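Okay, structure first, notes after.
This one's a predicted model, so the numbers in the text were calculated from it and none came from an experiment. Just so it is clear: chains get the letters A, B, ... in the order the sequence lines come, proteins before strands, and each one is counted from 1.
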2 protein chains.
Amino acid sequence: MPNQVIDAYPKLKRDIIRGIYVPGEKLLMSQLKSRYGCGVGPLREALTRLIGEHLVTGISQRGYRVASMSIAELDAIYDARAELESLLIRLAIERGDDEWEAAVLARAHTLGKVDRVQDGEEMLERWDTRHQALHDAMVAGCHCQPLLQSRAALFDQAQRYRHLWLRQTVFSEQALADKQREHQALLDTILARDARAASQLMREHLMTPVPIIRERLQEQDWI
Amino acid sequence: MPNQVIDAYPKLKRDIIRGIYVPGEKLLMSQLKSRYGCGVGPLREALTRLIGEHLVTGISQRGYRVASMSIAELDAIYDARAELESLLIRLAIERGDDEWEAAVLARAHTLGKVDRVQDGEEMLERWDTRHQALHDAMVAGCHCQPLLQSRAALFDQAQRYRHLWLRQTVFSEQALADKQREHQALLDTILARDARAASQLMREHLMTPVPIIRERLQEQDWI
DNA sequence: CATCACATTATTTTCGAAAGATTAGTGCGT
DNA sequence: ACGCACTAATCTTTCGAAAATAATGTGATG
């Protein structure tokens with residue numbers, strides 16, 4: 001694997017997820033070259049990787065475009081994530097050991113400690129990091145690397161949509177409290193080793209952002 | 001997307017799956033260039049794609065290698081496939097319509113018609129094609145593109161292992177009959193819309209090749 | 001005999017230019 | 001005014017050479 005690509009790939013990915021580019025927008029090599037400071041070779045490799053993650057589309061002799069977004073795709077991806085994560089939490093409860101339980105508890109604790117008094121941006125970043133860490137810890141118990149990789153791939157695909165939801169949630173006292181309650185309920189079912197209840201709660205938990213994202217999406221002029 | 005890559009990528013992938021290269025083998029650019037008749041640019045893109053599919057590994061400044069194979073990975077991938085396909089058949093039964101049922105029945109019918117009298121290689125290819133078509137038809141009812149893509153990715157990862165099993169099974173009267181019986185049982189539960197039974201059978205069905213593959217794997221000198 | 005420094009070779013990675021394809025623009029004929 | 005062929009400009013894709021890095025071999029030293 002390359003050197004220059006290691007630089008360009010994460011930057012390009014980040015820019016696409018953050019919405020720097022409009023979905024469907026053409027990605028001109030000349031522009032990318034100056035923006036990311038490297039030649040076409042490394043760029044093509046980075047773009048190839050992003051095609052694999054469904055964040056970019058490419059047509060022979062017609063270049064690359066930022067993958068489009070749609071409500072249909074939003075529904076499909078979140079449905080997939082909810083079903084998969086629901087499966088994973090069931091497996092984790094069936095397979096996880098005491099260490100796993102302890103790790104979940106630990107992540108739940110740190111997430112609960114994120115302080116609302118901090119600077120907004122900093123808090124958003126910290127809450128999101130710890131939130132993801134909690135969910136990672138929960139499903140880690142399944143001990144199935146390939147399924148965890150599939151989960152990560154779906155998460156990446158969802159990130160652009162998720163981005164529309166994150167701000168809205170973290171900056172709302174109400175939404176944050178709701179999430180807190182959902183996490184607590186999940187944690188209870190996990191510690192009780194109730195696989196059926198946990199997978200049900202997990203599915204619902206993952207689906208709650210969808211209506212919010214759908215609204216934000218309909219506001220966009222590029223849909 | 002490129003032109004030359006469209007040539008090189010599937011060939012390289014096919015060669016890796018067919019076991020032309022030894023797992024762990026270094027992929028020299030100079031060799032690849034002459035074998036696939038193109039420059040390093042297209043090759044690097046093809047290899048990047050294959051890294052995304054976990055068929056190749058790459059380290060900065062140290063080139064590319066065919067991904068290694070191991071019994072641990074065999075177990076992990078087949079476990080993942082079994083759990084995912086089991087989930088998908090449940091969803092398909094919950095969501096599939098009459099057309100879906102009909103399509104499954106049709107694929108089961110054509111698979112049953114594969115004739116043993118044909119030429120061996122031709123029969124193997126035909127059986128495998130129709131076998132995959134049956135499984136594709138079964139899970140298609142879930143109507144969840146992202147999960148079907150995850151399934152396809154896991155299938156690709158499994159292909160090298162699956163390759164070790166396929167010959168053994170198709171050329172054994174006994175094994176083929178066993179598979180036939182399993183498919184019939186699956187079909188019955190599907191037409192009866194018994195999601196619980198179907199997902200159980202599906203998990204078992206996907207796991208049956210594992211012991212056979214494990215044996216073949218242990219015979220290899222490169223494990 | 002082992003080990004380290006140094007020089008040599010082999011390999012990867014990158015860039016720039018040329019070739020190939022597509023898109024945009026122009027003018028002609030109807 | 002509209003469509004079509006042709007030309008010009010733009011963009012993508014590829015290759016070959018050069019630069020950067022790693023691997024190998026050699027010889028001196030403890």
With a non-hydrogen cut-off below 4.0 angstrom, is G41(A) in contact with a base, only sugar-phosphate, or nothing? nothing
When rounded to the nearest 0.5 Å, the distance separating CD1 of I16(A) from CZ of R18(A) is 13.0 Å
Please state how far atom [atom1] in [X] lies from atom [atom2] in [N], giving the value in whole angstrom units.
X	N	atom1	atom2	value
M29(B)	dA20(D)	CE	P	19 Å
R44(B)	dT14(C)	CZ	P	6 Å
E45(B)	dC15(D)	CD	P	11 Å
L28(B)	dT21(D)	CG	P	20 Å
L32(B)	dA10(C)	CG	C1'	16 Å
R65(A)	dC11(D)	CZ	P	12 Å
L43(B)	dT13(C)	CG	P	12 Å
I59(A)	dA21(C)	CD1	C1'	14 Å

With a 4.0 Å cutoff (strictly under), does any side-chain N or O of [X] reach OP1 or OP2 of [N]?
X	N	result
R62(A)	dC11(D)	no
K26(B)	dT11(C)	no
K33(A)	dT14(C)	no

Pairing of D119(B) and R126(B) as salt bridge, 4.0 angstrom limit: no
Taking only Lys NZ, Arg NE, NH1 and NH2, and the carboxylate oxygens of Asp or Glu, determine whether R90(A) and E94(A) approach each other closer than 4.0 Å. yes
Y64(A) side chain: which of dT13(D), dT13(C), dC15(D) is closest? dT13(D)
From dT12(C), dT14(C), dC11(D), nucleotide with atom closest to Q61(B) side chain: dT12(C)
Is it true that a side-chain atom of R203(A) and a backbone atom of E83(A) form a donor plus acceptor pair closer than 3.5 Å? no
Looking only at non-hydrogen atoms, find the nearest pair between V170(A) and L124(A) and report the distance. CG1-CA, 3.9 Å
